[in-house]
Amino acid sequence: MKPAPFGYERPTMLEEALDVMSGEDVVALAGGQSLMPLLARREVRPRIVCDLNRVDGLAGIQVGAESVTIGAATRQRDVELHPQLLEVLPLLAQAVATIGFVPVRHRGTIGGSLSHADPCAELPTAALLLGATLLLRSTTGRREVAAADFFTGDFRTCLEAGELVVSVRFPMPAVGTSFGAVKLRAAQDRAVGCQTATTVVDGVIASARVAVFGGGGPSGRLGRCEQALRGVRVGDRSAVAAAARAGAAQLPPLAGAFRDHQHRQHLAGVAIERAVAQAVEVGDARD
Ligand SMILES: Cc1cc2nc3c(=O)[nH]c(=O)nc-3n(C[C@H](O)[C@H](O)[C@H](O)COP(=O)(O)OP(=O)(O)OC[C@H]3O[C@@H](n4cnc5c(N)ncnc54)[C@H](O)[C@@H]3O)c2cc1C
């Protein structure tokens, strides 16, 4: 199938892009890895496509003392290979490295993935786990939104008509934080994965953050699992397995055509166990 006819704008300045976006029935085009199939299947039929690829200053990675800021149009591959990011926020590189294939990551952008809000995607989960803040702009103003408030459901965000994601800010993780990221293939080519951030003090898990994608419902942190992990001794595999089961049990079914909820819950439990083990192993070696 071919897309329905649409107008095409390719602004070079952000103000110009926001002007185009303020029109009726306009969609932004970033890497096109999710939007192009939607256009081709006529699931979206915009009047205008606003191509962000030539907008000056929308791509780039700044590593500061307290946070890392990544422009919305930054390619996923650039996030994956950025040497400083690998050092300060290795989870981002780990998470991005499992997105699709290298050619997809060469085109796909961080802002596109966050705006698309696929419940089986790595980047929304990483943004939630790491406590990211998104900067949104439109012709009428700007606002900063925490990732936890940005995602409002499967493929849904709080973006309003005419609004663009301009950049994403990730706070520097606390000293001693170590990470784990695991992705498992599931039915219908929709993966299940887990990302974790833990600290280990004197052989005990002192803090844990756990987020799952593709396990059911929109990506999100698993409070019960995080609580159950706190105080667990490194090497106590049965306690980690119990915490993972508690986390997986928290997952609601994925919306739409996915009817394999129990299987997904099982895979989520396995992914949680493995991701926690990864993070704790690194943390314990450092402790
Ligand atoms: C073969 C294949 C395999 C893939 N595998 C994975 C995978 O394993 N994991 C994964 O997470 N993803 C996967 N993807 C999706 C990929 O990560 C996409 O790059 C991503 O979902 C969308 O990013 P994009 O830059 O291509 O955005 P686009 O496709 O251009 O846009 C996606 C949506 O975001 C909106 N948008 C884009 N930029 C902005 C912005 N700055 N502000 C507001 N709205 C914006 C668009 O209007 C559109 O609605 C895969 C894609 C393909 C083709």
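We count ligands from 1, going down the list as the structure has it; atoms in each ligand are counted the same way. Because the structure is predicted, anything quoted here is derived from the model rather than measured. Position 1 is the first residue of the sequence, and the numbers go up from there.
Under the 3.5 Å distance criterion, the side-chain polar atoms of Ser115 are matched with a main-chain donor or acceptor of Gly111.
Residues satisfying the side chain to side chain contact (heavy atoms under 4.5 Å, CB included) criterion with Ala228, sequence neighbours excluded, are Ala243. Residues satisfying the side-chain hydrogen bond (donor to acceptor under 3.5 Å, both in side chains) criterion with Gln265, sequence neighbours excluded, are His261.
Atom CD of Glu66 sits in a sparse spot, with 12 or fewer heavy atoms from other residues, nucleotides or ligands closer than 6.0 Å.
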Please tabulate, one line per pair, the protein N or O atoms found under 3.5 Å from any N or O atom of ligand 1, giving the distance to one decimal.
residue, atom, partner, partner atom, Å
ligand 1, 5 (N), Gly100, N, 3.3
ligand 1, 8 (O), Gly100, N, 3.0
ligand 1, 8 (O), Lys183, NZ, 2.8
ligand 1, 9 (N), Glu122, OE1, 2.7
ligand 1, 11 (O), Glu122, N, 3.4
ligand 1, 11 (O), Glu122, OE1, 3.0
ligand 1, 17 (O), Gln76, NE2, 3.3
ligand 1, 19 (O), Gln76, NE2, 3.3
ligand 1, 21 (O), Ser34, OG, 2.7
ligand 1, 23 (O), Ser113, N, 3.4
ligand 1, 25 (O), Gly31, N, 2.8
ligand 1, 25 (O), Thr109, N, 2.8
ligand 1, 25 (O), Thr109, OG1, 2.6
ligand 1, 26 (O), Gly32, N, 3.1
ligand 1, 26 (O), Gln33, N, 2.8
ligand 1, 29 (O), Gly32, N, 3.4
ligand 1, 29 (O), Gln33, N, 3.2
ligand 1, 29 (O), Ser34, N, 2.8
ligand 1, 29 (O), Leu35, N, 2.7
ligand 1, 30 (O), Ala30, N, 2.8
ligand 1, 30 (O), Gly31, N, 3.3
ligand 1, 30 (O), Gly32, N, 2.7
ligand 1, 41 (N), Val165, O, 3.0
ligand 1, 42 (N), Val165, N, 2.8
ligand 1, 44 (N), Ser115, OG, 3.2
ligand 1, 47 (O), Ala28, N, 3.4
ligand 1, 47 (O), Ala28, O, 2.6

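For the residue pair Thr196 and Thr198, no side-chain donor N or O sits within less than 3.5 Å of a side-chain acceptor on the partner.
The list of ring-ring contact (aromatic ring centres under 6.0 Å, His included) pairs with a residue in residues 116-145, not counting sequence neighbours, reads His116-Phe155.
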